[in-house]
Amino acid sequence: MKSDKTDFIREIINNDLKEGRYKKIHTRFPPEPNGYLHIGHAKAICLNFDIAEEYGGKCNLRFDDTNPTKEELEYVDAIKQDIKWLGYDWEEREYYASDYFEKLYDMAVDLIKKGKAYVCELSPEQIREYRGTLTEPGKESPYRNRPIEENLRLFKEMRDGKYPDGAMVLRAKIDMASPNLNMRDPVMYRIVHTSHHRTGDKWCIYPTYDWAHGQCDSIEGITHSICTLEFQDHRPLYDWFIEQLGIHHPRQIEFARLNLTYTVMSKRRLLELVEGGYVQGWDDPRMPTLSGMRRRGYPPAAIRKFCRNIGVAKTESVVDIELLEHFVREELNKTAERRMAVLNPLKVVIINYPEDKTEELEAINNPEDTSAGIRKIPFSKVIYIEKDDFMENPVPEFYRLAPGREVRLRYAYFIKCVDVIKDKNGDIVELHCAYDPATKGGNAPDGRKVKATLHWVSAKHCTIGEVHLYEHLFIKEDPLDTSGPGDFKDNINPNSLRILKNCRLEPSLSDVKAGTVFQFERLGYFCVDPDTKGNCPVFNRTVSLKDEWEKIKKRKIKE
RNA sequence: UGCCCGGUGGUGUAAUGGUAACACACCGGCCUUUGGAGCCGAGGUUCGAGGUUCAAAUCCUCGCCGGGCAGCCA
C-alpha cells in the first residue's frame, strides 16, 4: 500500500516496501510521562498514526518510562486522554519501556558476555573528563578491561542493590576516540534507588534512554522509528546495539520538531510556567498543550488538519501560529452555532418602540449548515450594543453607528441614532435611537441600504456572563529572544488574559454545556469553560473572527 | 578548531534534470443581513561563486550562514 502524500518519510517507506526491506509498516508514539502533551507532540502523533493507517499497519503507544525520578502516573493518564481526544486509537497496544526491563537486563548481560559492556566505577565527573571534548578524543576508563566474569558479578550486584546511587554504571565498550561522542562508551545502566510508578521497588538500576529505546522498538517489531532531529547523532549507537545483539532492526528517521511563533514548546519551560504560577495549570487555555487547547475550544479536527498541512521535513522551522488559528476558524465556521453576545455593553433606547412590547425574531443558527436550524431571539425597547460599534465622531473608514446614521440590528430592524446621552464626565452612557417598523427582519421595503449590521441583545431578556479574552502568552514572536539578563518569562504578555464580567448574552446562552463552542456573531468563537457554575456561564475566547476594522485601526495608529 | 544535519516568496511545505506549485500571512478588488464566510488578483527565480548539461532548486566543487552533540535527561 502506498501513500499519495510525498513527504520524505513516506518516500523512504515507499522505497523500503518496494525493496522488500519490510513487509508491513509498524510505527509507535513514544512519550515520556514527565509532562503534558503539546501541539508539537500532536505533530508526531499524527505522523505516526496516520502513516500506520495509510499503509494498513499499526501504531503502538509506548511510554518511555526509564527515569523514575521524573515520571508520574498522572502524566500517563493525561497523555492517554489527550491522544484519544485527538482522535487516535492504539487499541490494545499500550506498552511501557518498563515492560521490557527484564529483557533489557538479559540483553545487557549478553553484551557483557560478548565483551561489549563493562561496569565502570568512575564518578560522573570523571566520566565527563574521560569523555574528552568535541575536538579531542577521550581516554579509556581504567575499568574498561575488567574480566567478563567480574563484570557479570558486579552487574548482578548492582541489580541486587548492593551499591548506592552513583557508585557505578554499566557502559557499552565502543570507542573512546570516536568523533561521535555518543559512541564514547555510553552509559547503559545507572543505579537509582527510587520507586518506579509501575515497577515499584523491583528495580534499583534503570536503563538509560539510549540503551532502552532502540531495543524497545526492536522488541515491538517497529519498522520505522520516527523521531526528532537531535537523535540523528545517536543513530549510529542504536545501530551498534542492534547489530551486537543481532535482533530486528527498525529504521530510524529523524524530522524537525514543530516550533510556533509566540510559543514555547519545551516541556521544561512549560513546567516552569505551571509551577511558577504564570498560568493556571497545564490546561490553561493559553498553553500550547493539548489539554489547554481543548479547554480553549480548539477542535481536534483542526489540530489534525494543521499537523497534516505543515508538512514534515528536516529543515528547522517556525510555523506562524496564525496557520493554526486559520484551521481552528475554518473548522469552527462549519460547526459552531451562532449566537449574539455583547461583551462591552452600551445601552440603547429605541424611543419610538412601545414600552412593554416584546417580539420574537428568527435567527439562523449556522449559515454554513442549514441543518443547525433556527432559533427565536427576543427584542424590546431597551437593548445593548457593543461600545465599539458607536463612534461619536466617526473616521471615514468607520461605518457603524454614529449620530444621525442608520444601521441594521441583525435579524431585527434598522435604527437611526438621534441622541447621545452623556454623564457629567462627558462619557457616553446611553444612545437614543429611532427604529423603522417597516424594516422588520432587516430589510427595507424601499430598498435603501445600510453599511453596517450590529449584534445586540435585549436588556430585559439577556443573561449575564463572564468572558475570558486571550492573547498570545508572549509578546515576542520568539519568546526565547531576550536581550541582556533574564529569560523567556520576561517576555510574558501582561495582557494575555482579560476577564470581562459584565457581558450580556442572548437568553439561549443561559443554559450551556461545558466544552461547547459558539460563534458570537462578529466577535469570534467562544468555548464554555468547565469551571462554569450556577447561572453565570464562563466563556473562553477560542479565537477571534478576522476583523477588517481592527486591522484598519492598527494601521491608523501606526500612521 | 571534531562529527552530524539543514538552507526555495514574509512563514511553512511542493517541484525527484524539463514552464518554480500549494497553504497561511500581507496588499488590492468583488460580494455580503457577521467589516465573518466566500470569490478574483498582485508579489519569489531557489544562500553565494564556479562547474557538468541542450536544460540545474535538483548533480559536482569550494565557500557562507543556521542548528545539534561533551547528562548516570529524553
Side-chain angles (χ1 to χ4, degrees), chain A residues 6-8 11 30-32 34 64 66-67 69-71 120 122-124 127-129 131-138 165-171 178-184 186-192 205-206 208-210 212-213 227-236 254 256 258 261 267-268 306 309-327 329-330 333-334 338 340 363-364 367-368 397-400 408-412 414 439 441-443 449-455 477 519-524 544-552:
Chain A
T6 59
D7 56 65
F8 80 101
E11 248 169 61
E32 184 191 12
N34 67 342
D64 254 320
T66 55
N67 185 351
T69 64
K70 291 189 177 170
E71 295 149 8
C120 179
L122 253 26
S123 70
I127 287 184
R128 197 188 322 125
E129 284 161 24
R131 187 155 31 226
T133 67
L134 294 177
T135 49
E136 300 156 29
D165 287 8
M168 53 187 73
V169 293
L170 184 74
R171 292 227 255 169
S178 172
N180 181 344
L181 304 221
N182 297 118
M183 302 299 272
R184 321 244 261 225
V187 171
M188 295 166 62
Y189 276 93
R190 64 293 213 198
I191 300 172
V192 183
I205 57 170
Y206 291 94
T208 58
Y209 175 88
D210 272 353
H213 194 85
C227 65
T228 43
L229 253 27
E230 67 271 27
F231 294 108
Q232 269 178 130
D233 290 344
H234 298 240
R235 191 176 353 120
E254 308 88 7
L258 172 67
T261 54
K267 276 199 257 184
R268 197 205 89 212
F306 168 77
N309 192 273
I310 52 176
V312 46
K314 301 190 77 151
T315 323
E316 295 187 61
S317 57
V318 183
V319 175
D320 194 334
I321 188 130
E322 297 225 40
L323 183 62
L324 210 210
E325 292 175 349
H326 161 77
F327 286 110
R329 287 192 185 99
E330 184 183 71
N333 179 47
K334 288 185 297 188
R338 318 282 125 126
M340 290 203 283
I364 296 165
E368 308 290 324
E397 295 90 341
F398 182 88
Y399 50 79
R400 276 111 89 147
R408 171 169 40 233
L409 293 176
R410 177 138 236 226
Y411 299 124
F414 284 10
T439 58
N443 281 306
K449 301 282 186 204
V450 287
K451 201 74 159 99
T453 300
L454 270 40
H455 61 276
E477 211 175 279
Q519 183 195 101
F520 291 172
E521 295 220 23
R522 304 207 304 134
L523 297 174
S544 67
L545 248 26
K546 286 213 256 170
D547 191 338
E548 196 66 26
W549 169 237
E550 202 59 40
K551 226 190 263 181
I552 293 166

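A note on names: the letters A, B, ... follow the listed sequences, proteins ahead of strands, and every chain is numbered from 1. As the structure is a prediction and not an experimental result, all values here were calculated from the model.
- Closest approach of A:K314 and A:L229 over heavy atoms only: O-CD2, 3.3 Å.
- Taking atom C1' in both B:U45 and B:G18, one finds a spacing of 16 Å when rounded to whole Å.
- The side-chain hydrogen bond (donor to acceptor under 3.5 Å, both in side chains) test applied to A:Y411 returns no partner, not counting sequence neighbours.
- Side chain of A:V319, nearest nucleotide from B:U13, B:G12, B:U34: B:G12.
- Within 4.0 Å (heavy atoms only), A:R408 reaches at least one base atom of the nucleic acid.
- Spacing of P atoms, B:G44 relative to B:C39, comes out at 24 Å, to the nearest Å.
- To the nearest whole angstrom, the two P atoms, one in B:C59 and one in B:U46, are 16 Å apart.
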Exercise. Are A:L409 and A:M340 close enough, and set up right, to give a side chain to side chain contact (heavy atoms under 4.5 Å, CB included), and what steps lead you there?
Worked result: CA-CA 11 Å; A:L409 293 176; A:M340 290 203 283; over 6 Å; no
Pull out every protein N or O sitting under 3.5 Å from an N or O of nucleotides 39-42 of chain B, one pair per line with the distance.
none

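- Partners of A:E330 under the side-chain hydrogen bond (donor to acceptor under 3.5 Å, both in side chains) rule, at least two apart in sequence or in another chain, are A:K305.
- Partners of A:E230 under the side-chain hydrogen bond (donor to acceptor under 3.5 Å, both in side chains) rule, at least two apart in sequence or in another chain, are A:T228, A:R257.
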Any protein N or O atoms within reach of nucleotides 64-68 of chain B? Criterion: under 3.5 Å, listing atom names and distances.
| from | atom 1 | to | atom 2 | distance (Å) |
| --- | --- | --- | --- | --- |
| B:G67 | O2' | A:E316 | OE1 | 3.0 |
| B:G67 | O2' | A:E316 | OE2 | 2.5 |
| B:G68 | N2 | A:D233 | OD2 | 2.9 |

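- For A:E477, the salt bridge (Lys or Arg N to Asp or Glu O under 4.0 Å) test picks out no residue, with sequence neighbours left out.
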Short heteroatom pairs, N/O only, protein and nucleotides 23-30 of chain B, under 3.5 Å:
| from | atom 1 | to | atom 2 | distance (Å) |
| --- | --- | --- | --- | --- |
| B:C27 | OP1 | A:R555 | NH2 | 3.1 |

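- Checked against salt bridge (Lys or Arg N to Asp or Glu O under 4.0 Å), A:K334 has the following partners two or more places apart in sequence or in another chain: A:E331.
- Remark: A:R131 engages no residue in a side-chain hydrogen bond (donor to acceptor under 3.5 Å, both in side chains) (not counting sequence neighbours).
- For A:A452, the side-chain contact (heavy atoms from CB on, under 4.5 Å) partners two or more places apart in sequence, or in a different chain, are A:Y399, A:R400, A:V407, A:L454.
- Nucleic acid contact for A:V192: none, since no nucleic acid atom lies under 4.0 Å from a heavy atom of the residue.
- Considering only residues two or more places apart in sequence or on other chains, A:D320 meets the side-chain contact (heavy atoms from CB on, under 4.5 Å) condition with A:T261, A:E322.
- With hydrogens and angles ignored, a donor-acceptor pair under 3.5 angstrom links the side chain of A:R400 to the base of B:G35.
- Looking at RNA chain B, the stems built from 3 or more consecutive Watson-Crick or G-U wobble pairs, each pair with its key distances under 3.5 Å, are B:2-7 with B:64-69, B:10-13 with B:21-24, B:27-30 with B:38-41, B:47-51 with B:59-63.
- Each of B:U13, B:G2, B:U34 was ranked by its minimum atom distance to the side chain of A:P179; first place goes to B:G2.
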